[in-house]
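Report on the structure given below.
Position 1 is the first residue of the sequence, and the numbers go up from there.
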Amino acid sequence: MISEKMQATLNRQIELEGYASFLYLAMASWCDSEGLEGCAKFMHRQSAEERDHMLRIFYYISEVDGHAKVPAIDQPPLTFDSIQSLFEQVYAHEQKVTASIHKIVDLANQENDYTTLNFLQWYIEEQREEEALMRTILDRIKLIGGGPMSLYYIDQEIEKINAIEEKAAAAEAEA
Ligand code: FEO
């Protein structure tokens, strides 16, 4: 059983992960409307991953005999100034999620809640990977610059990342 405070904190994290899923879905739709198919595919996958992050917490709360609550999700933005601005917003949101996970770790430590501490380890690793991936993408976007073919090259770069991620997911599924 987790404390009431931990339950409320984890329920807030459900909302944050749910918002990430909707934000990335809105980004996927905008990328599609701009003809950026590689970026759209990438954001659809990120959106699905965030739903999984949300559900993992949902199931965890139920497992420890708490009450997981379905949150109201704020309306995410529907349009973005540029693909660079879009990925900057993804990176900023991931940093916010990381900070929030670290706060939950602090609370679990204060409460000697070893079960939740153990549960959170997966999120710590996931956030490290996601932040690193978004920094890599932003670095590549900056390297490509703003030439006439830049959007085409950025989309090609994201397609390469899609191929790597899909291969890794297939290997994980086989393991
Ligand atoms: Fe689940 Fe990317 O934060």
Quick one: are [X] and [Y] in side-chain contact, heavy atoms under 4.5 Å?
X: Cys31; Y: Leu86; result: yes
X: Asn112; Y: Leu117; result: no
X: Lys5; Y: Glu111; result: yes
X: Ile73; Y: Ser21; result: no
X: Asp113; Y: Met6; result: yes
X: Gln95; Y: Gln127; result: no
X: Glu94; Y: Glu126; result: no
X: Val90; Y: Tyr24; result: yes

If every non-hydrogen atom of [X] is compared with every non-hydrogen atom of [Y], which pair is closest and at what distance?
X: Thr79; Y: Trp30; answer: CA-CD1, 3.7 Å
X: Ile83; Y: Cys39; answer: CD1-SG, 3.9 Å
X: Ile57; Y: Leu10; answer: CG2-O, 3.7 Å
X: Gly38; Y: Ile158; answer: O-CG2, 3.5 Å
X: Ile61; Y: Ala68; answer: CG2-N, 3.5 Å

Residue pairs fulfilling salt bridge (Lys or Arg N to Asp or Glu O under 4.0 Å) with at least one residue in residues 71-88, sequence neighbours excluded:
none

Provide the full list of salt bridge (Lys or Arg N to Asp or Glu O under 4.0 Å) pairs with a residue in residues 10-26, sequence neighbours left out, each pair given once.
none

Worked verdict on Met54 versus Gln13 for side chain to side chain contact (heavy atoms under 4.5 Å, CB included)
CA-CA 8 Å; Met54 177 184 75; Gln13 189 66 25; over 6 Å; no

Under 3.5 Å, side-chain donor or acceptor atoms of residues 138-149 against the rest of the protein: list the pairs with distances, not counting sequence neighbours.
unit_1, atom_1, unit_2, atom_2, d
Arg140, NH1, Glu157, OE1, 3.1

Check for me, please, whether [X] and [Y] land in the same ILVMFWY cluster - side-chain distances under 4.5 Å, paths through other members count.
X: Leu151; Y: Ile161; answer: yes
X: Ile124; Y: Met134; answer: no
X: Leu16; Y: Met27; answer: no
X: Ile164; Y: Tyr153; answer: no
X: Val64; Y: Trp122; answer: yes

With [X], which residues qualify under side-chain contact (heavy atoms from CB on, under 4.5 Å), at least two apart?
X: Arg45; answer: Phe42, Glu49, Asn162, Glu165, Glu166
X: Leu25; answer: His44, Ser47
X: Ser82; answer: Gln84, Ser85

With side chain to side chain donor-acceptor pair (under 3.5 Å) as the criterion, how do His67 and Gln7 come out once you've worked through the C-alpha distance, each side chain's angles and the decisive distance to 0.1 Å?
CA-CA 7 Å; His67 184 188; Gln7 177 173 299; 5.4 Å; no

Using the side chain to side chain donor-acceptor pair (under 3.5 Å) criterion, which residues pair with [X]? Sequence neighbours excluded.
X: Glu37; result: none
X: Glu131; result: Thr98
X: Ser29; result: none
X: Arg128; result: Glu125

Rounded to the nearest 0.5 Å, what's the gap from [atom1] on [X] to [atom2] on [Y]? Could you check?
X: Ile2; Y: Glu63; atom1: CD1; atom2: CD; answer: 11.0 Å
X: Leu36; Y: Asp155; atom1: CG; atom2: CG; answer: 5.0 Å
X: Ile154; Y: Gln156; atom1: CD1; atom2: CD; answer: 11.5 Å

Please determine whether the number of non-hydrogen atoms from other residues, nucleotides or ligands lying under 6.0 Å from atom CD of Glu4 exceeds 12.
no

How about OH on Tyr91, more than 12 heavy atoms from neighbouring residues, nucleotides or ligands closer than 6.0 Å, or not?
yes

The ring pair (Phe, Tyr, Trp, His ring centres under 6.0 Å) partners of Phe119 (sequence neighbours excluded) come to Tyr60, Tyr123

With sequence neighbours left out, what residues match His93 under ring pair (Phe, Tyr, Trp, His ring centres under 6.0 Å)?
Tyr19

Test log, rule side chain to side chain contact (heavy atoms under 4.5 Å, CB included), inputs Glu130 and Glu50:
CA-CA 11 Å; Glu130 293 214 326; Glu50 296 301 343; 3.3 Å; yes

Between the main-chain N or O of Lys96 and the side-chain N or O of Ser100, is there a donor-acceptor pair closer than 3.5 Å?
no

